[in-house]
Amino acid sequence: MNAFSRRGACPALSAPMQTGDGLLVRLNPVAGGLSPKSLIGLGESALRHGNGIMEVTARSSLQIRGLTSASARLLAMEVDALGIAVRTGVPVETGPLAGLDPQEIADPRPLAERIRAAFAEAGLAQRLGPKVSVIVDGGGQLAMDVVTADVRLAAVRMDAAIQWKMSIAGDGQSAKPLVIVEEDAARDIAIAILRMVAEKGREAHARDLTRRQLRSLASWRVLPPSVLPDISPSRGEIGGFVVGSSSAASEIGENRDQSAISPLEGEMSGRTEGGAVERLPVPARFPIGVFDLTAGTALGIGLPFGSMPAQKLIGLTQHALTLGAAEIRLAPQRALLFIGLSPTACHSLQQAATTLGFVTDAADPRTRIAACPGAPACASGRIATRDIAETIAAENRDLLDASVTLHISGCAKGCAHPAPAALTLVGGDNGAGLVVDGTAKALPAGYRPGYDAARGVGRIAAAIREARFRGETTAACLTRLGAAGVTELYRQE
């Protein structure tokens with residue numbers, strides 16, 4: 001087994017990462033899913049060798065916590081004995097219903113496998129950093145829009161053909177569009193992007209590529225403007241590079257101020273009717289609930305805050321096995337998809353999951369909270385994050401609408417949610433600090449005792465109930481109240 005991986009690296013089975021509650025390993029099954037018996041076996045291994053906590057991450061990886069250097073080796077041996085092959089190298093991710101969804105535009109798995117093979121042949125594994133990733137999205141009921149990646153390939157229909165829209169450095173809303181190509185070119189461009197990133201070193205990402213490099217990639221293949229998809233400069237979809245031919249690239253964006261010509265809103269839509277129309281981002285569907293498949297149905301069940309005791313996960317999976325579940329897939333946003341159930345079996349499993357404390361409703365307020373293990377599970381945790389989160393979710397359901405994320409972090413590392421959140425509670429020497437519209441690494445503007453943090457958030461929620469306009473989101477109301485006002489509400493005794 002390799003030396004422990006540093007923080008920020010990917011804690012693979014062969015390189016566990018040191019955390020506040022011991023070593024952590026992360027598993028990504030090569031097959032894309034697990035049999036019920038395999039997941040039960042993993043849960044039993046987690047009980048024997050870890051602290052009994054299992055997690056599903058926001059990017060649909062399975063994590064086992066609380067290992068020691070000796071027990072991590074035993075866990076690796078048992079994973080091998082279970083016949084679970086795990087992925088290594090740059091993750092090339094597909095949607096959780098890939099190949100099963102009647103609504104998907106294309107099955108993304110063949111292209112993803114071709115990219116993996118080309119990546120291995122190019123020998124890039126040791127030259128790229130651990131956080132570089134690729135997404136191949138076939139669309140459908142559970143698209144991968146919420147997951148960020150260095151390289152994104154999304155299936156689009158062009159008359160009778162399937163093409164792949166390529167973009168870089170972001171999620172489905174923020175990634176910069178590059179070009180639309182057929183499958184062969186999509187594979188080649190994806191590898192070219194990874195080569196360019198590798199040349200910049202192991203800390204580099206696609207966002208670090210130069211405009212000249214991006215223009216060279218965009219000139220790989222050109223589609224006529226009449227079939228370009230809806231893209232808009234005001235949503236950040238057209239940046240400092242052009243989707244077009246190499247000759248166009250030499251004329252646009254190559255002047256002295258290095259600015260590109262930005263088309264007016266709606267002019268790149270490929271449609272002439274309607275003109276400029278305000279288009280708001282469509283929230284991605286949570287992978288929770290019943291989903292119709294090409295054959296049968298699937299039931300999505302969430303793990304509260306991405307974590308569950310292994311014993312409860314074993315119990316749920318054993319029940320799913322008796323109901324005929326054939327496969328369990330890991331889903332983004334911290335969920336499991338039980339594949340191959342009848343509608344009646346879905347209902348039975350859903351009831352069992354609710355009883356065990358899993359998330360069975362996509363509107364459950366716990367889906368809007370990111371909370372690390374915290375104290376006492378993690379030695380770095382200064383506040384009982386999960387207890388605080390459960391209290392806030394139970395008492396302030398109306399505060400946690402789709403416009404906000406509440407982050408509760410046991411310490412300033414912010415493991416559960418590195419990105420900014422509308423409200424962040426962070427444990428420290430002075431108790432539970434509040435950061436408004438920032439990350440756990442920011443200096444809190446106000447504190448209260450950790451045991452009383454939920455009451456402070458309750459005061460904010462009460463003020464929002466009183467001040468909110470009809471139809472106003474929580475995020476908009478927080479903005480009107482202002483960071484100073486929100487902090488004062490939190491601090492009040």
> Do Ile301 and Leu349 pass the side-chain contact (heavy atoms from CB on, under 4.5 Å) test, and can you show the C-alpha distance, the side-chain angles, and the key distance before you say yes or no?
Replying inline: CA-CA 9 Å; Ile301 293 173; Leu349 188 60; 4.1 Å; yes
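- Lys165 places no side-chain N or O within donor-acceptor distance of the main-chain N or O of Ala155, the cut-off being under 3.5 Å.
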>> Pair Ile53, Asp21 - check side-chain contact (heavy atoms from CB on, under 4.5 Å), show working.
In response: CA-CA 10 Å; Ile53 299 297; Asp21 57 347; 5.9 Å; no
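- Residues Asp292 and Thr297 have side chains in contact (heavy-atom distance under 4.5 Å, counting atoms from C-beta outward).
- With hydrogens and angles ignored, the 3.5 Å screen pairs no side-chain donor or acceptor of Arg382 with any backbone N or O of Val426.
- Between Asp150 and Lys131 there is no salt bridge, since none of the side-chain N atoms of the basic residue sits less than 4.0 Å from a carboxylate O of the acidic one.
- Within the 4.5 Å cutoff, the side chain of Arg202 has heavy atoms near those of the Pro130 side chain.
- Two residues are said to be in side-chain contact when any heavy atoms from C-beta on lie closer than 4.5 Å; Ile392 and Ile388 meet this criterion.
- When all heavy atoms of Leu481 and Ala467 are compared, the closest pair comes out as CD2-CB, 4.3 Å.
- Judged by distance alone, the side chain of Asp137 and the main-chain N or O of Met144 form a donor-acceptor pair under 3.5 Å.
- For the pair Val197/Leu124, no side-chain contact is recorded, criterion being any heavy-atom separation below 4.5 Å from C-beta on.
- Looking only at side-chain heavy atoms (C-beta outward), Leu42 and Leu27 come within less than 4.5 Å of each other.
- No side-chain N or O of His417 forms a donor-acceptor pair with one of Thr424 less than 3.5 Å apart.
- The line from CD1 of Ile40 to CD1 of Ile328 is 7.5 Å long, rounded to the nearest 0.5 Å.
- Atom-to-atom distance recorded for Asp80:CG and Leu75:CG is 11.0 Å, nearest 0.5 angstrom.
- Under the 3.5 Å distance criterion, the side-chain polar atoms of Thr360 are left unmatched by any main-chain donor or acceptor of Gln350.
- Looking at Pro373 and Glu55, their side chains come closer than 4.5 Å, going by heavy atoms from C-beta outward.
- The backbone N or O of Ser69 sits less than 3.5 Å from a side-chain atom of Arg73, completing a donor-acceptor pair.
- Ala298 and Leu97 get closest at one heavy-atom pair: CB-CD2, 4.4 Å.
- Counting only distance, with no hydrogens or angles, the side chain of Thr94 and the backbone of Val136 share no donor-acceptor pair below 3.5 Å.
- A side-chain donor-acceptor contact under 3.5 Å links Arg468 and Thr474.
- Between Asp401 and Arg368, the closest side-chain pair of non-hydrogen atoms is not below 4.5 Å.
- Proximity of a side-chain donor or acceptor of Arg448 to a complementary backbone N or O of Gln492 within less than 3.5 Å is detected.
- The main-chain N or O of Ser409 is never found under 3.5 Å from a side-chain atom of Thr385 such that the two would form a donor-acceptor pair.
- Note that the SG atom of Cys372 and the CZ atom of Phe305 stand 11.0 Å from one another [nearest 0.5 Å].
- Here the side chain of Thr294 pairs a donor or acceptor atom with the backbone of Leu100 at under 3.5 angstrom.
- Closest non-hydrogen pair, Pro332 versus Val147, comes out as CB-CG2, 3.8 Å.
- Across every non-hydrogen atom of Ala453 and Leu425, the tightest pair is CB-CD1, 4.1 Å.
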> Asp171 and Thr148: side-chain contact (heavy atoms from CB on, under 4.5 Å), yes or no, with the steps?
Replying inline: CA-CA 4 Å; Asp171 58 22; Thr148 61; 4.0 Å; yes
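- In this structure, Ser60 OG and Gln333 CD are separated by 10.5 Å, a value rounded to the nearest 0.5 Å.
- Residues Leu153 and Ala186 approach most closely at CD2-CB, 3.6 Å, considering heavy atoms.
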>> Before you tell me yes or no, could you show the steps for Glu493 and Arg455 under side-chain contact (heavy atoms from CB on, under 4.5 Å), namely the whole-Å CA-CA distance, both residues' side-chain angles and the distance that decides it to 0.1 Å?
In response: CA-CA 9 Å; Glu493 295 297 334; Arg455 191 156 66 101; 4.2 Å; yes
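- Remark: the Asn396 side chain and the Arg465 side chain contain an N/O donor-acceptor pair separated by less than 3.5 Å.
- Separation of atoms CD1 (Ile460) and CG (Leu478) is listed at 7.5 Å; rounding is to 0.5 Å.
- Two residues are said to be in side-chain contact when any heavy atoms from C-beta on lie closer than 4.5 Å; Leu323 and Ser348 meet this criterion.
- Take Asp364 and apply the salt bridge (charged side-chain N to carboxylate O under 4.0 Å, His left out) test, not counting sequence neighbours, and it matches Arg366.
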>> side-chain hydrogen bond (donor to acceptor under 3.5 Å, both in side chains) for Arg65 and Ser307? Distances and angles first, verdict last.
In response: CA-CA 10 Å; Arg65 306 187 69 95; Ser307 178; over 6 Å; no
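- Nearest heavy atoms, Ala206 versus Ile193: CB-CG2, 4.4 Å.
- We find that Asp208 and Lys200 are not joined by a salt bridge, their nearest charged nitrogen and carboxylate oxygen being 4.0 Å or further apart.
- Put simply, the side chain of Asp101 gets close to the backbone of Gln141: a donor and an acceptor are under 3.5 Å apart.
- For the atom pair CG of Leu24 and CD1 of Ile64, the computed distance is 9.0 Å after rounding to the nearest 0.5 Å.
- With sequence neighbours excluded, the residues forming a side chain to side chain contact (heavy atoms under 4.5 Å, CB included) with Thr57 are Arg26, Arg59, Ser61, Gln63, listed by chain and number.
- With sequence neighbours excluded, no residue forms a side chain to side chain donor-acceptor pair (under 3.5 Å) with Arg397.
- Checked against Thr367 for a side chain to side chain contact (heavy atoms under 4.5 Å, CB included), the options Leu400, Val359, Asp361 give a single hit: Val359.
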